[in-house]
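Okay, so here's the structure we're looking at.
These values consider heavy atoms only, across backbone and side chains, with no hydrogens, waters or symmetry-generated copies.
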Amino acid sequence: MMKRPKITDIRATTVTVPLEAPLRHSNGAHWGRFVRTIVEVETDIGIVGLGEMGGGGESAEAAFAALKTYLVGHDPFELEQLRFKICNPTASLYNNRTQMHAAIEFACIDIMGKFLGVPACDILGGRMRDEVGFASYLFFRLPNKESGQGEIRTADQLIAQALELKRTHGFTAHKLKSGVFPPEYELEVYRALAKAVGSDTVRYDPNAAFTVEEAIRFAKGIEDLNNDYYEDPTWGLNGMRRVRENTHMPLATNTIVVNFEQLATNVLNPSCDVILLDTTFWGGIRACIKAATVCETFQLGIAVHSSGELGIQLATMLHLGAVLPNLVFTADAHYHQLVDDIIVGGPMKYVNGKIPVPTAPGLGIELDRDKVGKYADLYRTLGGYPYDRDPARPGWFATVPNTRWADPNDDRVVDY
């Protein structure tokens with residue numbers, strides 16, 4: 001019998017990887033790059049597992065270093081013990097570690113797969129599909145401060161990118177992250193996008209920026225389109241329930257159903273029809289699988305959410321998507337907005353709007369050490385950024401609901 005591995009160390013490295021241009025959203029912006037903390041969990045048999053975590057433009061290195069005493073000597077196969085060691089629900093009232101647990105769980109599943117010589121999806125229930133479909137993820141964007149290029153502010157600019165992404169990557173579903181400009185302006189832009197992509201499906205997500213009343217008005221303006229769903233138009237379970245009562249479109253969320261208590265509430269008194277499962281927000285791949293099973297039982301839809309991933313977390317999304325029998329919607333990914341990645345072989349490729357599920361053991365990806373070093377140096381040079389602020393609107397901050405919108409006529413190139 002082979003010796004089971006034990007954790008001996010944990011290392012965290014913060015990197016920042018450039019985007020084509022800053023991505024705007026209702027709460028602020030990604031300031032021209034993603035900041036991600038790469039986690040490496042070492043074992044006494046030489047296998048190293050990989051994890052990844054975001055953090056709203058901030059590093060999580062110190063927080064992971066503080067977990068070392070919790071993890072040294074732990075068996076990576078003991079995932080339920082890991083969950084309670086790191087994020088016991090009552091202890092977590094004082095130190096919410098859900099997203100940190102996710103990154104450690106990613107690494108442990110990576111270790112398990114490498115130890116057994118099988119891909120992660122084989123451990124997680126076996127694959128139902130060999131590739132996972134994605135929607136284009138479209139944003140209003142500020143111009144790149146160096147080139148002045150990449151702006152998306154008008155319908156024509158948005159349509160040009162959507163059609164180019166469709167041509168190059170094969171997307172047949174298109175999601176607009178919104179809640180940036182006045183609702184009447186975004187309504188015109190979204191309708192123009194839907195017309196331009198023809199028979200493809202579309203999705204609109206203002207990140208809970210609208211009042212209930214504005215959300216209902218907007219719904220009436222898009223109900224005739226080929227919508228997959230209407231995502232997070234307003235905040236809160238009761239707010240979403242009121243919108244749901246006034247539209248025939250399915251409502252989706254990645255903000256108000258992100259744990260099992262909220263999921264139970266949504267089952268008992270439905271507010272949302274489609275639950276977007278995020279391997280970080282929910283605390284790991286296994287939690288998402290458990291949630292998907294609950295959704296299957298109660299006939300709620302599911303999709304896979306994106307929170308600004310590099311290749312490690314994208315691999316977790318692919319392995320999650322591979323094993324879910326009830327995954328009928330294409331997944332989200334910011335991935336095509338990036339200019340590079342930190343994994344061997346560079347960014348994963350879309351083929352006909354899909355990315356193949358890795359077949360190598362574990363998560364099926366490896367770090368490109370040169371790229372990790374390059375983007376760790378870039379982080380040390382630039383530092384973090386405030387995800388919940390917009391560099392084009394000094395002094396502005398988001399409220400829920402929002403009533404202060406960006407100016408759709410403002411085409412300045414701003415520093416960030």
Do [X] and [Y] sit within salt-bridge range, that is, some charged N less than 4.0 Å from a carboxylate O?
{"X": "D110", "Y": "K114", "value": "yes"}
{"X": "E245", "Y": "R242", "value": "no"}
{"X": "D377", "Y": "K374", "value": "no"}
{"X": "E52", "Y": "R36", "value": "yes"}
{"X": "K290", "Y": "E80", "value": "yes"}

Nearest heavy-atom neighbours spanning [X] and [Y]:
{"X": "Q313", "Y": "T280", "result": "NE2-OG1, 3.0 Å"}
{"X": "V15", "Y": "V372", "result": "CG1-O, 3.8 Å"}
{"X": "I256", "Y": "C272", "result": "CD1-SG, 3.8 Å"}
{"X": "V414", "Y": "L142", "result": "CG2-CD1, 4.0 Å"}
{"X": "G383", "Y": "R33", "result": "O-NH1, 2.9 Å"}
{"X": "A322", "Y": "C121", "result": "CB-CB, 4.1 Å"}

Is there a donor-acceptor pair under 3.5 Å between the side chain of [X] and the backbone N or O of [Y]?
{"X": "N88", "Y": "T90", "value": "yes"}
{"X": "R203", "Y": "D228", "value": "no"}
{"X": "Q149", "Y": "N144", "value": "no"}
{"X": "E186", "Y": "G179", "value": "yes"}
{"X": "S26", "Y": "N207", "value": "yes"}
{"X": "Y416", "Y": "K145", "value": "yes"}
{"X": "R24", "Y": "R153", "value": "no"}
{"X": "S92", "Y": "P89", "value": "no"}
{"X": "W31", "Y": "P386", "value": "yes"}
{"X": "N352", "Y": "K354", "value": "no"}

Just wondering, do [Y] and [X] contact through their side chains at under 4.5 Å, heavy atoms?
{"X": "L367", "Y": "I342", "result": "yes"}
{"X": "L310", "Y": "I343", "result": "no"}
{"X": "V132", "Y": "I355", "result": "no"}
{"X": "P361", "Y": "V118", "result": "no"}
{"X": "E58", "Y": "V35", "result": "no"}
{"X": "V202", "Y": "I222", "result": "no"}

Could you tell me the separation between the [atom1] atom of [X] and the [atom2] atom of [Y], rounded to the nearest 0.5 Å?
{"X": "R286", "Y": "L82", "atom1": "CZ", "atom2": "CG", "value": "9.0 Å"}
{"X": "S306", "Y": "D332", "atom1": "OG", "atom2": "CG", "value": "6.0 Å"}
{"X": "D205", "Y": "H25", "atom1": "CG", "atom2": "NE2", "value": "11.0 Å"}
{"X": "I38", "Y": "Y375", "atom1": "CD1", "atom2": "OH", "value": "12.5 Å"}
{"X": "E78", "Y": "M112", "atom1": "CD", "atom2": "CE", "value": "9.5 Å"}
{"X": "L263", "Y": "T265", "atom1": "CG", "atom2": "OG1", "value": "8.5 Å"}

message: Apply salt bridge (charged side-chain N to carboxylate O under 4.0 Å, His left out) to residues R380 and E61 and explain how you reach the verdict.
response: CA-CA 12 Å; R380 284 189 285 269; E61 278 187 38; 5.9 Å; no
field: ring pair (Phe, Tyr, Trp, His ring centres under 6.0 Å): pairs with one or both residues in residues 121-157, sequence neighbours excluded
entry: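 Passing the test, one end in residues 121-157: F134-Y350, Y137-F139, Y137-H334, F139-H334, F140-F181.
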- request: Provide the full list of ring pair (Phe, Tyr, Trp, His ring centres under 6.0 Å) pairs with a residue in residues 220-250, sequence neighbours left out, each pair given once.
  value: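 The answer is Y229-F329.
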Can a side-chain donor-acceptor contact be found between [Y] and [X] if the only test is distance below 3.5 angstrom?
{"X": "Y185", "Y": "N409", "answer": "no"}
{"X": "R127", "Y": "T359", "answer": "no"}
{"X": "D232", "Y": "T253", "answer": "yes"}
{"X": "D156", "Y": "T154", "answer": "no"}

Kindly check if the number of other-residue, nucleotide or ligand heavy atoms within 6.0 Å of [atom1] ([X]) is above 12?
{"X": "K195", "atom1": "NZ", "answer": "no"}
{"X": "F260", "atom1": "CZ", "answer": "yes"}
{"X": "D224", "atom1": "CG", "answer": "yes"}

